[in-house]
There are 2 protein chains.
Amino acid sequence: MARNPSKIKREIPEPAAPDERPPLTRERVLHAALQLADDAGLTALSMRGLGRALGVEAMSLYHHVNGKDAVLDGILDLVVAEIALPAPDDGWREGMRRRAVSARAAFARHPWAMRLMESRKEPGPAAMRYYDAVLGCLRRGGFTVAEAASAFSLTDSYLYGFALQEQSLPFETPDELDDVAEGILAQLPRADFPHLAEMIEHAVTSGYTYAAEFERGLDLVLDGLERVLERRA
Amino acid sequence: MARNPSKIKREIPEPAAPDERPPLTRERVLHAALQLADDAGLTALSMRGLGRALGVEAMSLYHHVNGKDAVLDGILDLVVAEIALPAPDDGWREGMRRRAVSARAAFARHPWAMRLMESRKEPGPAAMRYYDAVLGCLRRGGFTVAEAASAFSLTDSYLYGFALQEQSLPFETPDELDDVAEGILAQLPRADFPHLAEMIEHAVTSGYTYAAEFERGLDLVLDGLERVLERRA
DNA sequence: ACCTGAACACCGTTCAAGT
DNA sequence: ACCTGAACACCGTTCAAGT
């Protein structure tokens, strides 16, 4: 990391030094930004901080990227690119299920991405491919355009809403859940919030993991879509 | 607004002046913050800007509110307080429906509130009442604790996900939709994104309004919950 | 008790200047 | 062509000082 101490001067131009800092590119900037967001959260992702991570002044970034908004759009599209699309020969139900499970996993790996979803309005190339693939899966499955619009809205609302809630839970492991729950229960006026207290207690005693709810809910959603098709037949 | 020009000096202490700027209170600060967020968005809601709106230095706010986080927690709880809770004698389906429709409307009135949902972790008093009422509605309807947990997760995921998507659409009225859609279609490579193009075209020609999707999806979700109960009976 | 001025350690971005 | 120093107009927050 640290430059060679300059005590030993050489005639030949230092060979390693130029490689230590490869030239900036849009790609390198975006990957460093993704890394920084994963490691330290979205608030740590400032242009100045990103420059620091790349060993460069913040202002240099502007030659490769169109300001901070472009960085945010860019790393969101990198996350979307991680989502497994429905395979062309999937039935609509398998395809939608595969995609939803994969998307939830991607958002769990990059929790900050949910917060970006809402504020970004320019979909990147990966997002365009993604939307087209999901709509195509539904259309091939026999949904009319109008039905596909509703089905898309329903599954994606569920998916993003779940990711949103999962991301904002104050615990991750069952052990952490226990700690948090005990703390809340200790100071919760049970007479005022009996059902809330009962639910928290249940979560503690049953080894509840929120992640398991995802596929349960997803299957109810897919059942609902299936019935849309059946009702028509 | 501007103080009386001091040319005309009076013996009696100015009577109106003190009333022009009533003393700050936590309530006044939070309501001004809500107003500011509604009028100018969350980015305009800075402590300095909020002070300006109240005719006060930013630093004065800290005597009534515990920093900016407390302001954000506070205005989110004001929004939650606007949501109609299930009535005690509602059946579970009416109660859940009433609540979901009311919540979506509240988030549509205050679009910035969705962005707060994810970043805030301390539920306020209105949020506690709200959670307890929804869980109570499900329990009275015959759901076990575990089933109520799943039902809560499913409906709230759908609700928040829908609000999230609705809030991030780049249009509001059908006319705006047309404008936006024409613009996208004009530069969309249709061969690469055939299903996306088809969908956008459909939205334009059918007078599509995204808001109408909400109750369609909600009813599918509630159907799913109903079947959970039936399957058991 | 309530408000404030000055200060600290940050932001994103522009622009003229350096190599 | 690529990078940077200084500057501008902002942040949230602390703290000592004013009334």
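Values below: every heavy atom of this structure, side chains too, minus hydrogens, waters and symmetry copies. Values in this document were obtained by computation on a predicted structure and should not be read as measured data. Below, chain A is the first sequence line, B the second, and so on; all start at residue 1.
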Presence of [X] side-chain N/O under 4.0 Å of [N] phosphate oxygens OP1/OP2:
X       : N     : answer
A/His63 : D/dT4 : no
B/His64 : C/dC3 : yes
B/Ser60 : C/dT4 : yes

- Item | Toward the 5' end of DNA chain C, by each residue's nearest nucleotide, B/Met59 or A/Asn66 | B/Met59
Between [atom2] of [N] and [atom1] of [X], the distance in whole Å:
X       : N      : atom1 : atom2 : answer
A/Arg28 : D/dC2  : CZ    : P     : 14 Å
A/Arg52 : C/dA9  : CZ    : C1'   : 11 Å
A/Leu54 : D/dT4  : CG    : C1'   : 15 Å
B/Tyr62 : D/dC15 : OH    : C1'   : 13 Å
B/Glu57 : D/dG12 : CD    : C1'   : 15 Å
B/Leu61 : D/dC11 : CG    : C1'   : 14 Å
B/Asp69 : D/dC11 : CG    : C1'   : 14 Å
B/Leu72 : D/dG12 : CG    : C1'   : 12 Å

- Can B/His64 and B/Glu27 be counted as having a side-chain donor-acceptor contact under 3.5 angstrom? no
- Message: Side chains of B/Gln165 and A/Ser157: any donor to acceptor distance under 3.5 Å?
- Response: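 Indeed, the side chains of A/Ser157 and B/Gln165 share at least one donor-acceptor pair under 3.5 Å.
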- Minimal non-hydrogen separation, B/Ala113 against B/Leu76, with atom names: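 Result for this residue pair: O-CD1, 3.9 Å.
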- Starting from Watson-Crick (N1-N3 plus N6-O4 or O6-N4) and G-U wobble pairs under 3.5 Å, report the runs of at least three that DNA chain C belongs to. C:4-8 with D:12-16, C:12-16 with D:4-8
One thing to verify: whether [Y] and [X] come together as a salt bridge, which I'm taking to mean a side-chain N less than 4.0 angstrom from a carboxylate O.
X        : Y        : answer
B/Glu215 : B/Arg97  : yes
B/Asp69  : B/Lys121 : no
B/Glu166 : B/Arg104 : yes

- Query: Which class fits the ring pair A/Phe162 and A/Tyr210: parallel under 30°, tilted 30 to 60°, perpendicular over 60°?
  - Reply: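 Plane angle under 30°, so parallel.
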- Message: Tell me whether the rings of B/Phe214 and B/Tyr158 are parallel (<30°), tilted (30 to 60°) or perpendicular (>60°).
- Response: parallel
- Task: Give a yes or no on whether the backbone of B/Ala149 and the side-chain of B/Ser153 come within a donor-acceptor separation of less than 3.5 Å.
- Result: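 No; judged by distance alone, with no hydrogens or angles, the pair does not exist.
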- For D/dA9 versus C/dA9, give the span between their P atoms, rounded off to a whole number of Å.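 One P to the other, the span is 22 Å.
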- Minimum-distance nucleotide to A/Leu24 side chain [options: C/dT4, D/dC3, D/dA6]: D/dC3
- Message: What residues from residues 33-48 of chain B pass a heavy-atom cutoff of under 4.0 Å to DNA chain D?
- Response: B/Ser46, B/Met47, B/Arg48
